[in-house]
Amino acid sequence: MAQYSRISGSVGLITLKSLPVNALGAVVRQGIVDSLKTALQDPKVTSVVICGQNGVFCGGADIKEFGDSESGPPLIPMIHAIEAGNKPMVAAIEGFALGGGLELALGCHYRIAHSKARLGLPEVTLGLLPAAGGSQRLPRLIGVPAALDLIITGRHVTAAEALQLGIVDQVTDHHTVDAAVKFALSVAGRPLDARRISSYSCPPVSGDLDALFEEVMRKVRRGARGAIAPVACVQAVRAAATLPYARGMERERELMATLFTSGQARALQYSFFAQRAVSRWSTPSGARWDASAPKPVRKVAVIGLGTMGRGIAVALAQAGFPVVSVETQEKQLTEAKRAVSQMLERGAKRRGVAAPLDKMSYSSNIQAVADVDLVIEAVFEDMGLKKKIFQQLSAVCKPDALLCTNTSSLDVDQLASQTRNPELVVGMHFFAPAHVMKLLEVVYGPRSSPQALATAMQLGKKMGKVSVAVGNCPGFVGNRMLKAYVEQAFFLLEEGATPELVDSALEEFGFSMGFFKVSDLSGLDVGWKVRKEDGLALPGVSTGPSARIRQGRRYSPLGDLLCQRGRFGQKTGSGWYQYGKPGGRVATPDPWLHSFLEEYRAQHGLVPRRIDPQEVLERCLYALINEGFRILEDGIAAGPEDIDCIYVFGYGWPHYRGGPMFYAAMVGLPKVLERLEHYYRAHPDVPDLQPCSLLRRLVASGSPPVQKWKEAIKKLHSQL
Ligand code: 3H9
């Protein structure tokens with residue numbers, strides 16, 4: 001709702017009231033329309049202030065209402081009515097004014113912001129554009145280049161930047177509504193024509209307008225990789241710059257209509273809620289986020305200052321934690337100190353803050369961690385080494401210190417068993433570079449206490465990560481699913497594809513790099529090492545039927561064969577592609593590799609066939625999705641949102657496709673099932689293609705929408 005009152009004798013005060021972010025749902029809009037009418041009709045009222053309750057101006061249109069049939073007064077005429085009002089309207093912005101919230105403020109004649117407020121038009125992140133006049137008013141107010149920057153990126157600006165850009169008229173450190181009321185009294189009776197932004201022309205740009213838009217559009221299309229909202233944002237701003245306001249608004253409406261009904265907007269809005277849903281974690285044993293209080297964490301230690309340890313230490317210091325970093329090898333320690341300081345300084349420069357160098361301390365002695373509340377061990381992926389460190393930590397640390405391991409696949413429970421308090425051990429799987437990548441898999445073992453899990457989840461949140469709680473199993477969620485995808489990529493090469501064909505199908509889908517380019521970038525030897533440890537990569541078995549069978553199922557030794565030839569990817573100058581020189585970065589197709597594949601196929605009696613991009617997508621993605629269903633069935637992930645966040649924030653899944661499980665729901669579960677059955681019939685020696693029973697049961701129960709899977713899975717489990 002919106003509450004109306006008259007204060008200071010002549011100021012009408014409209015307060016938006018809709019917890020938690022005063023979103024502009026139907027009831028709030030009705031409240032604003034009614035309050036406005038009262039204020040405009042009351043002769044005692046000479047000016048109006050619009051504010052929000054609870055220190056928040058407005059988080060924009062109510063995303064939860066998207067997709068419902070529209071009720072209540074529409075937003076655009078409401079904002080027009082505010083702008084057309086014959087009494088000064090002042091927006092009092094506290095907390096944030098985002099999306100429709102900022103558009104409402106732009107409809108006002110003046111804007112006063114608290115110094116801690118944040119403003120922005122983040123619609124693009126939801127697959128939309130600012131379509132309540134924002135794309136038309138903002139360029140008229142602050143100029144085309146600045147408006148393009150805000151609208152295309154969706155970034156939030158501080159009150160200080162908003163003042164500098166001309167979005168707000170005044171910034172206050174005091175009580176915002178009081179300041180706005182005082183301001184409103186001071187402008188009462190002043191003419192308003194020059195304050196109505198819709199009547200402005202866009203400030204002229206320096207240089208050629210067409211050239212500016214062409215350049216921006218080129219950059220945006222390149223960066224968007226198939227996302228349509230950023231492109232529509234540019235088109236809308238162009239309309240503001242070239243058309244009269246009313247026609248610009250028509251263009252804004254047309255573009256929004258296309259976006260609104262697109263699958264991309266649905267995916268991005270699903271993802272918005274998925275990110276929030278994963279913080280409300282639960283485990284199969286009944287532990288829950290709302291019943292488990294995290295322990296306070298005041299000081300943290302990082303063990304091991306290789307690439308991962310450095311990134312983790314930087315992320316912790318940037319989040320404000322004092323960090324003790326331990327590295328036993330002196331040379332590595334000296335190098336790491338320099339590298340960490342540089343990373344902190346670069347990050348601080350980018351963010352315009354002071355580098356938190358004073359948060360860091362270093363030692364070569366593990367005794368230095370004696371007083372910390374939480375340790376993140378980030379040494380080499382070697383179970384023997386990690387076990388030894390956990391024994392030492394258990395002896396050195398405070399008895400109630402939480403002991404976390406940064407591992408991408410090792411058994412967290414085995415490490416827990418090395419300690420006095422196995423309930424205080426959890427996994428924290430960071431993604432490289434750890435100070436940049438948003439994802440954190442928090443791995444609970446069978447003995448991890450709910451409090452330990454809650455503490456690690458909260459720490460991740462404070463570090464700015466999307467933290468997802470996952471159960472303990474080989475590869476956890478992300479890497480376990482990836483295995484199925486990688487395997488299909490190899491098999492497709494055996495059957496006739498080239499790395500270029502596979503990669504271009506995946507890149508066309510929206511991945512920034514296809515599997516083979518990623519593999520060259522991260523180094524083929526990484527996977528080779530794991531396969532050797534798993535007993536899959538065997539030297540000397542390169543011919544005969546057993547060469548392509550391991551542990552009773554189809555196996556492709558192609559990656560191993562390249563590694564045996566020293567082709568580790570970019571670092572050696574060749575892998576699935578060639579790079580000209582070791583360390584080269586530009587992938588070019590490699591004729592040697594093509595002949596090698598031909599020989600390999602001939603040697604193994606494989607008759608190559610034409611493979612189309614659709615098969616590449618179906619084989620790679622549906623195998624991965626199928627494993628996702630198995631993970632849900634096993635209770636390793638609590639719901640599809642968890643898997644989708646992991647893939648969007650850790651594995652480069654295109655954000656505008658929501659994540660693999662959302663994508664499966666969009667494709668239609670019956671179709672995914674039918675295609676998996678088809679491919680499994682063709683490849684009965686590939687168990688990953690055998691449709692998982694949960695997928696079958698969801699299809700049999702009518703393929704509920706993805707938002708209902710958690711419930712459906714619970715019901716199916718209880719029927720077993
Ligand atoms: C728009 O305005 C379109 C117009 O241009 C044109 C229309 C014609 N609606 O993030 P938090 C919920 S599009 C509904 O945890 P924080 C959120 O789901 C909109 N609900 O808090 C969560 O609920 P729950 C453009 C919303 O303090 C709770 O509020 N606006 C909305 O970390 C707390 O959220 C945006 O894109 C909403 N608009 O961050 C802003 N916003 O507790 C989107 C939030 O049940 N919002 N909720 O999980 C945000 O970026 C952040 O939520 C915000 C607060 C910065 C506001």
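The residues of the chain are indexed from 1 along the displayed sequence. From a predicted model like this one, the values you see are computed outputs, not experimental measurements. Start at 1 and go down the list; that is how both ligands and their atoms are numbered.
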Select one of side chain, backbone, both or neither to describe which atoms of [X] lie under 4.0 Å from any atom of ligand 1, heavy atoms only.
X    : answer
I63  : both
R280 : side chain
P20  : side chain
R118 : neither
L126 : side chain

Is [atom] touching the protein, meaning some protein heavy atom lies under 4.0 Å away?
atom                    : result
atom 21 (O) of ligand 1 : no
atom 9 (N) of ligand 1  : yes
atom 32 (O) of ligand 1 : no
atom 16 (P) of ligand 1 : no

Which residue holds the protein heavy atom closest to [atom], what is that atom called, and what is the gap in Å?
atom                    : answer
atom 18 (O) of ligand 1 : F273 CE2, 3.5 Å
atom 55 (C) of ligand 1 : L98 CD1, 3.7 Å
atom 44 (C) of ligand 1 : V21 CG2, 3.7 Å
atom 11 (P) of ligand 1 : R276 NE, 3.6 Å
atom 53 (C) of ligand 1 : F96 CZ, 4.0 Å
atom 14 (C) of ligand 1 : D62 OD1, 3.2 Å
atom 49 (C) of ligand 1 : F272 CE1, 3.9 Å
atom 38 (N) of ligand 1 : A61 O, 2.9 Å

Would you say the rings of [Y] and [X] are close, in the sense that their centroids are separated by under 6.0 Å?
X    : Y    : value
F629 : W709 : yes
F509 : Y663 : yes
F183 : Y110 : yes

Inspect the contact between [Y] and [X] and indicate whether a charged nitrogen and a carboxylate oxygen are less than 4.0 angstrom apart.
X    : Y    : answer
R288 : D290 : yes
E252 : R137 : no
R29  : D34  : no
R253 : E250 : no
E94  : K116 : no

Quick check: do [X] and [Y] have side-chain heavy atoms less than 4.5 Å from each other?
X    : Y    : result
F431 : Y651 : yes
D193 : S199 : no
V470 : V442 : no

### Task
Write down the atom of V231, the atom of V220, and the distance for their closest heavy-atom approach.
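The answer is N-CG1, 3.9 Å.
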
Using a 4.0 Å cut-off to any heavy atom of [X], which atoms of ligand 1 qualify?
X    : answer
E103 : 4 (C), 5 (O), 6 (C)
P130 : 5 (O)
E123 : 1 (C), 2 (O), 3 (C), 4 (C), 5 (O), 13 (S)

### Query
Does ligand 1 have an atom that lies less than 4.0 angstrom from a heavy atom of P122?
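For ligand 1, residue contact (heavy atoms, under 4.0 Å) with P122 is present.
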
### Task
Return yes when Q275 approaches ligand 1 closer than 4.0 angstrom through a heavy atom, no otherwise.
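For ligand 1, residue contact (heavy atoms, under 4.0 Å) with Q275 is absent.
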
### Query
Of the choices S135, G59, G99, G60, which has the non-hydrogen atom that lies closest to atom 35 (C) of ligand 1?
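Residue with the shortest heavy-atom distance to the ligand atom: G59.
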
### Message
Run L148 and F213 through side chain to side chain contact (heavy atoms under 4.5 Å, CB included) and show every step you take.
### Response
CA-CA 10 Å; L148 274 171; F213 275 105; 4.1 Å; yes

Please say whether [X] places an N or O atom under 3.5 Å from an N or O atom belonging to ligand 1.
X    : answer
T125 : no
H156 : no
L75  : no
G100 : yes

### Task
For the residue pair T172 and H114, confirm or rule out a side-chain donor-acceptor distance under 3.5 Å.
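Side-chain D/A pair, T172 to H114: absent.
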
### Task
Spell out, as yes or no, whether a donor-acceptor pair under 3.5 Å connects the side chain of E83 to the backbone of I197.
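Yes; at least one donor-acceptor contact below 3.5 Å.
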
### Query
Does the cation-pi check pass for R247 over Y245, that is, NZ or CZ under 6.0 Å from the six-membered ring centre and within 45° of its axis?
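Here R247 fails the 6.0 Å and 45° test against Y245.
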
